[in-house]
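For reference, the structure is listed below as structure tokens.
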Amino acid sequence: MTSSLIRGRPRRRAPSLVPVRLLHTVLGGLAGVVWLVLPGVTFHSATPVPPPSATAPAPPGAAAAPASTARSAPASGGTSTADLVLPLVVVVAALAFGGYGYVRRTRRARTRTTPGRATAPAADAPPSLPEADDRARALLVAADDWVRVSREELGPAEARLGAAAVAPYARAVREAAAELSDAFRLRQRYDEGPPADHDERRQSLAGIVARCEEAGWRLDADADSFDQLRGLERGSAPGVVDALVAAETRFRELGARTRRMATLVAGLGERYGPAVTDSVTGSVEQAKDRLVFTTFRLNEARQAADRGEPDVAARQLRAAEGGIAQAAAFLDGVERLAADLESAERLLPATLSGAEAEIAGARETARDHAAAVRGDGAERPVTARGHRFVRPGASGARPAEPLLPADMLLAQADVADAVLAAVRTEATAGPSDPVDALRRVASAVLPLAAGRAGAVPFAASLVAAHSTADADTFIGTHRGAVGSEARTRLSEARRLRDADPLAADALAVRARELAERDVRGHGNPLSGGSGHESGLAGAVLGGVLLPPSDGDPQGAVGPPPSFGGPRTGRRLAADPD
């Protein structure tokens, strides 16, 4: 065994050992040759001299020696077979030893990693940092889609089978969503400032990948049993037919609801101004597009079921259910906007009053601080939402912790007053957006708040919930084009919604902006502008169907995703129509 001290030393130059191995081989061969030749040189010419006891003359008349005795004596001028065995073994051993050393040294020189010879990269070499970053981003998008699709598929199952039947699978979705949330949190930290150390960055990205994979494995573990619960596994025609009837009923309900939502959007524009409906512009039209796609899929599912092809019917049914879920999401977004606008309109007067109280309190805090500075020199702490005001000591030294000066607090109060005045003017002048009014008031006043009135924090929470839900709907209905950055900001907005509503609102607004940018840059996923009449283009954009394979000139789309993770997706993609 090699000593640890020896292992720690730098290696010597390897080529110097090759001549030594060759020298050993040559010397061994020479020794063998000498061993073979030496007996012939020594015993070739003379007969051995007998010992003294053997030189006495034989008595007269003695008989001749037996023939066997004569044969046992060594022949004159030769060697026996036993004399050749040992030298031959030595020669073979020497050659084998030398050959083994040469081959071993050659193999070590080819595979070494020390300087002096270029070596091929190892097969299991870790990916480069850009490659690891790309993989982490791709898995975040994939895992978010797994969770979204699985959650969507819980809806039809619960409506037909009941909440108790789908409870284990709802728990699996929550657990997968928790893993995904941790992965997004790691990504948010990485985006805010990646570690300076190269290995730490690689570990952060590996942590994102591991959590995404865990989320997928958790969903895959229950995918087969969920299909059995729904009755969509192979050969289960009754389950497919029952689910198809439920989907057709839901489709008809959404058709009637779409007409009502079109009227609602027009009414919101008249009541609050045209700008208020910007976030839902086109939502009704996109809902209709998904329903057109659903019409084709339901018809194909019904025909396949009538032909006795439950596998094909199940795939078409899944696509139809995806279209129904997204059409419902578009319409839910319109209704949610109407409800939030109405809630904000009712909350705005109380929020303005609470904001005035907060501003007055901030000014009182600033005056108390100024009075403390002009007082008898004693330090009198004054607090205002975590800001601590302390009069400097007699020596004039400033406290170690950073303090918010009173004049800065007064300036913030003046800005907040101006915001309140502008909001009042807009509200009385004509149609205005009450949600945006609450956002502006909360952003100006909440940093000054000290808990004097709960209306302002409540308004901030309402705004954060509204913007988060709006971004979530847009990303979910356009997930075929939205990348990891928008999804990461949305996840962080969800996490901060209760703790820091102002930050959550800003992140959600940013997530919506990033998602819209991704959609604009995505373009039509189908070649030649096809697919719009049948709703295929919108279905691929929304992730209801997987996009066409790269380089497919016909624009053939992939299968619909289903409850589960990566293993389930590969299985569905491999199944023929």
Are the side chains of [X] and [Y] in touch, meaning some heavy atoms are under 4.5 Å apart?
X    : Y    : value
R174 : R171 : yes
R187 : L205 : yes
L545 : P559 : no
V147 : R218 : no
R479 : Q326 : yes
V245 : R302 : yes
Q286 : T477 : no
D289 : F293 : no

Option passing side-chain hydrogen bond (donor to acceptor under 3.5 Å, both in side chains) with D505 (candidates S443, S461, S467):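 Per the side-chain hydrogen bond (donor to acceptor under 3.5 Å, both in side chains) rule, the option paired with D505 is S467, out of S443, S461, S467.
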Rounded to the nearest 0.5 Å, what's the gap from [atom1] on [X] to [atom2] on [Y]? Could you check?
X    : Y    : atom1 : atom2 : answer
W217 : D220 : CH2   : CG    : 10.0 Å
W146 : S562 : CH2   : OG    : 14.0 Å
L331 : R290 : CG    : CZ    : 11.5 Å

Do any N or O atoms from the side chain of [X] and from the backbone of [Y] form a donor-acceptor pair under 3.5 angstrom?
X    : Y    : result
S283 : V280 : yes
H478 : F474 : yes
N299 : T295 : yes
T428 : T425 : yes
S181 : A177 : no
R297 : A319 : no

Partner set under salt bridge (Lys or Arg N to Asp or Glu O under 4.0 Å) for R202, not counting sequence neighbours: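 Partners of R202 under the salt bridge (Lys or Arg N to Asp or Glu O under 4.0 Å) test: none.
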Set of salt bridge (Lys or Arg N to Asp or Glu O under 4.0 Å) partners for E321, sequence neighbours left out: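 Result, salt bridge (Lys or Arg N to Asp or Glu O under 4.0 Å) vs E321: R230.
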Heavy atoms only: give me the nearest [X]-[Y] pair and the separation to one decimal.
X    : Y    : value
L291 : F251 : O-CE1, 3.4 Å
V423 : A437 : CG1-CB, 3.8 Å
S150 : G564 : OG-N, 3.1 Å
A136 : V209 : CA-CG2, 4.0 Å
A503 : L496 : CB-CD1, 4.2 Å
S279 : L337 : OG-CD2, 4.1 Å

Salt-bridge criterion met for R489 and E485 (N-O under 4.0 Å):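 E485 and R489: salt-bridged.
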Neighbour count >12 (heavy atoms, 6.0 Å) for atom OH, Y190: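 Result for OH/Y190: enclosed.
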R336/T473 under side chain to side chain donor-acceptor pair (under 3.5 Å): CA gap, chis, key distance, verdict: CA-CA 11 Å; R336 184 176 56 250; T473 298; 2.9 Å; yes
Check against salt bridge (charged side-chain N to carboxylate O under 4.0 Å, His left out), R211 and E214: CA-CA 5 Å; R211 284 164 174 79; E214 180 64 28; over 6 Å; no
Residue of the set D191, D144, D472 for which salt bridge (Lys or Arg N to Asp or Glu O under 4.0 Å) holds with R487: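 Going through the options one by one, the only one that passes is D144.
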Salt bridge (charged side-chain N to carboxylate O under 4.0 Å, His left out) evaluation trace for R439 with D433: CA-CA 10 Å; R439 176 182 288 114; D433 184 353; 5.8 Å; no
Parallel, tilted or perpendicular: ring planes of Y169 versus F563, cut at 30 and 60 degrees: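 Rings of Y169 and F563: perpendicular, as their planes differ by over 60°.
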Flag for Q203-H198: side-chain donor and acceptor within less than 3.5 Å: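 Q203 and H198 do not have a side-chain donor-acceptor pair below 3.5 Å.
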Full working for salt bridge (charged side-chain N to carboxylate O under 4.0 Å, His left out) between D133 and R201: CA-CA 9 Å; D133 189 29; R201 291 200 298 272; over 6 Å; no
Worked verdict on E253 versus R257 for salt bridge (charged side-chain N to carboxylate O under 4.0 Å, His left out): CA-CA 6 Å; E253 294 174 352; R257 186 182 171 199; over 6 Å; no
